[in-house]
Structures are given as C-alpha cells and as structure tokens.
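Structure record follows, encoded as structure tokens.
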Amino acid sequence: PRAIAETRAVQVRFWELWRRGSFDPEPLVAWKARYLVADRLDGPPPAGVGTGSRGRLRKLLENREYTLFEVARGND
C-alpha cells in the first residue's frame, strides 16, 4: 500500500541524512518515537542531535554495534 511506501521513503531519507552527518528530527516527532537505535556502522551521530526544541536525542546506552538514544520532545 501507498502509506507503507511513503513511510519507508521517510525512513530511508532519515538514515541517508544521518550517514551524511545531518539530523532531521521531524520523522521522530511525527511518529511520536520515544527511542532511536542507531547502528554504529552508519557512522557517528550527526552534530546537533542533542540540541534544538524538537526531537533532541539523549544517548542512553551504547555498545560496539549500536547506540540507544531517548527522543526528547518539547520540555522533556
């Protein structure tokens, strides 16, 4: 269905931007995500993930393969 294809396209774009060092919090805000798991093979977190008023990321845990972030929104 179309909605699945649109969601997948947003996901692909999010991770493409991430790998290029850019962070777009809008998909996380729109999907009301509470956590984000990033594969460390995709590179380091982009600059600015912990700043801004929408969809800030706060690192919770990390190991050799993954980093777990909490998604903070607004006054979180």
Side-chain angles (χ1 to χ4, degrees):
R2 182 177 176 173
I4 292 172
E6 291 171 355
T7 298
R8 181 69 182 136
V10 171
Q11 289 173 339
V12 167
R13 182 176 182 279
F14 177 88
W15 291 113
E16 285 175 351
L17 289 172
W18 182 280
R19 284 188 289 278
R20 286 187 276 167
S22 183
F23 175 62
D24 177 13
E26 292 309 314
L28 302 177
V29 172
W31 296 329
K32 298 179 180 161
R34 294 299 299 161
Y35 299 96
L36 172 76
V37 177
D39 189 325
R40 296 195 60 198
L41 293 176
D42 286 329
V49 297
T51 62
S53 61
R54 296 175 56 82
R56 294 183 317 279
L57 300 182
R58 184 172 65 94
K59 188 186 304 183
L60 295 178
L61 300 168
E62 99 182 317
N63 62 24
R64 292 177 60 187
E65 296 181 55
Y66 302 100
T67 304
L68 172 65
F69 295 94
E70 178 180 32
V71 180
R73 295 181 302 272
N75 295 328
D76 289 357

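For clarity, every value in this text was computed on a predicted model and none was experimentally measured. In what follows, residues are counted from 1 in the order of the sequence shown.
Membership of the apolar cluster around Leu61 extends to Tyr35, Val37, Leu60, Tyr66, Leu68, as traced through chained side-chain contacts below 4.5 Å between ILVMFWY residues.
A search for side-chain contact (heavy atoms from CB on, under 4.5 Å) contacts involving Arg2 returns Glu6, not counting sequence neighbours. Residues that satisfy the ring-ring contact (aromatic ring centres under 6.0 Å, His included) test with Trp31, not counting sequence neighbours, are absent from this structure.
The CZ atom of Phe69 lies 14.0 Å from the CZ atom of Arg56; values are rounded to the nearest 0.5 Å.
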Name each donor-acceptor pair under 3.5 Å that joins a side chain in residues 38-49 to protein atoms two or more places apart or in another chain, with its distance.
unit_1: Asp39; atom_1: OD1; unit_2: Leu41; atom_2: N; d: 2.8
unit_1: Arg40; atom_1: NH1; unit_2: Asn63; atom_2: O; d: 2.7
unit_1: Asp42; atom_1: OD1; unit_2: Arg19; atom_2: NH1; d: 3.4

In a table with atom names and distances, give each donor-acceptor pair under 3.5 Å that connects a side chain of residues 20-29 to protein atoms at least two apart or in another chain.
unit_1: Arg20; atom_1: NE; unit_2: Glu16; atom_2: O; d: 3.4
unit_1: Asp24; atom_1: OD1; unit_2: Glu26; atom_2: N; d: 3.1
unit_1: Asp24; atom_1: OD2; unit_2: Arg13; atom_2: NH1; d: 3.3
unit_1: Glu26; atom_1: OE1; unit_2: Arg54; atom_2: NH2; d: 2.9
unit_1: Glu26; atom_1: OE2; unit_2: Arg54; atom_2: NE; d: 3.0

